[in-house]
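Worth knowing before you read on, the calculation uses all heavy atoms, side chains too, and leaves out hydrogens, waters and symmetry mates. We count ligands from 1, going down the list as the structure has it; atoms in each ligand are counted the same way.
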Amino acid sequence: MASAEIAPLLSSVQLGPLALRNRVFMSALTRNRSVPTNVPNDVNLEYYQQRAKSAGLIITEGVLITPQGSEWPHAPGLWSKEQVSAWKKITDAVHKEGSFIFAQIWHLGRVSHPDAPEQKLAGVPVYGPSAITARGGKFRFLPGHPGYVTPTAIDDPTVLLDLFEQAAVNAKEAGFDGVELHGANGYLVHQFLDSTSNLRTDSWGGSIANRAKFGLLALERLIKVFGKDRVGVKLSPGAGYNDVGMPVEETIETFGYFITEADKLGIAYFDVMRYTDMMNPTIDGKKRGVPHDTVAAYGHLTKNAKFFSNAGWSPEEAASAVKDGKVEGVFFGTLWISHPDLAKRLEHGKPLDNPIDFTTLYGKYYASEEAQKKGYVDYPEAQY
Ligand code: PHB
């Protein structure tokens, strides 16, 4: 039996038209296992199916909206018919298990790798809002650092908005329950929002409203396809990762504006990450991120949307925040990686005792199917 302490996290919640069975959500998690190309495979299907047996809501790993804008050799995409059919198998399997799944639609902007196979296939340069190189971090499996090339400032950002809209059309065809705009972690949407990566002097840069415009218009495009109550957005005001971050007052003003305006659009939810040290690299000898309490700073701003949080929550802490009305649900990442039955374990009071193997987090470039499965679909369930 679940302890009384955990019970609030296990209560059901309505998300637009969807009745979620609990608030133990699975966060988007890069696993880099869509081999040999960017099409989801049967091992990916098994991974999502295992977790759909108990998760209230699943957000896919970041799904590339176009060959342009990649870092990962084996991140799945959503631009071809083949990808749509492959995702359909996964969404069907998730629904059979009684769960729901949103596609996290993702464009990496200036931190795309110029030599990633997908980027080469696209035949267009690495785009960003401005020609400003990102510092810090390292690409995994491909040599170089984010900001390997100075991005080409995109002339007309509506070209990129069209790609988000087309990805949503494809997501709908693939049977997803909704889409989550990846507005976090220094990727394209965040690059427009942040005044250190966006130095544009046209209507897409400068004032907070101008910097917020790209993300808000992207949300409008997704709403056009899915309806407002099937669209969410992920944000990371604590910044750092991929060389973004503004002074704290400017951060609170910028994200406060974005959340208030996105809430007016009527979207279903915000996934607002907490500040964590893990996502805050030291760049040129200084921590780049902006530590602040993102639940306290932004939670009170939503009038329509559900306010969810993410990053470093324990189930006990999450249950207590739900009970106190601070958040309406919580996304878990690493706990879902090593416990395919995470929510079921919480329901039955089972320990979360599978250690996570960080060496297998991302899979291996061109590895065998066995290597793809290791640390992915072979974490055991508890005994019931
Ligand atoms: C990562 O792969 O490390 C990664 C990807 C997307 C994120 C954050 C981290 O939002």
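- Taking a cut-off of under 4.0 Å to the non-hydrogen atoms of Arg140, the atoms of ligand 1 that pass are 1 (C), 2 (O), 3 (O).
- Counting atoms of ligand 1 from 1 in the listed order, those under 4.0 Å from a heavy atom of Tyr241 are 1 (C), 3 (O), 4 (C), 8 (C), 9 (C).
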**OP:** Given ring pair (Phe, Tyr, Trp, His ring centres under 6.0 Å), test His190 with Phe255 step by step and report yes or no.
**Re:** CA-CA 10 Å; His190 201 166; Phe255 282 89; 5.7 Å; yes

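- Neither the backbone nor the side chain of Lys234 has any atom closer than 4.0 Å to an atom of ligand 1 (non-hydrogen atoms only).
- The N/O atoms of Tyr362, backbone and side chain alike, include one that comes under 3.5 Å of an N/O atom in ligand 1.
- Annotation: cation-pi pair Arg140/Tyr362 present, NZ/CZ under 6.0 Å from the ring centroid and within 45° of its normal.
- For ligand 1, the atoms closer than 4.0 angstrom to any heavy atom of Thr30 are 1 (C), 2 (O), 4 (C), 5 (C), 6 (C).
- For Phe25 and Phe331, the distance between ring centers is under 6.0 angstrom.
- Counting only heavy atoms of the protein, atom 8 (C) of ligand 1 lies nearest to Asn185 ND2, 3.2 Å.
- Two rings, from His113 and Phe141, have their centers 6.0 Å or more apart.
- The two residues Ser54 and Pro340 have their closest heavy-atom pair at OG-O, 4.5 Å.
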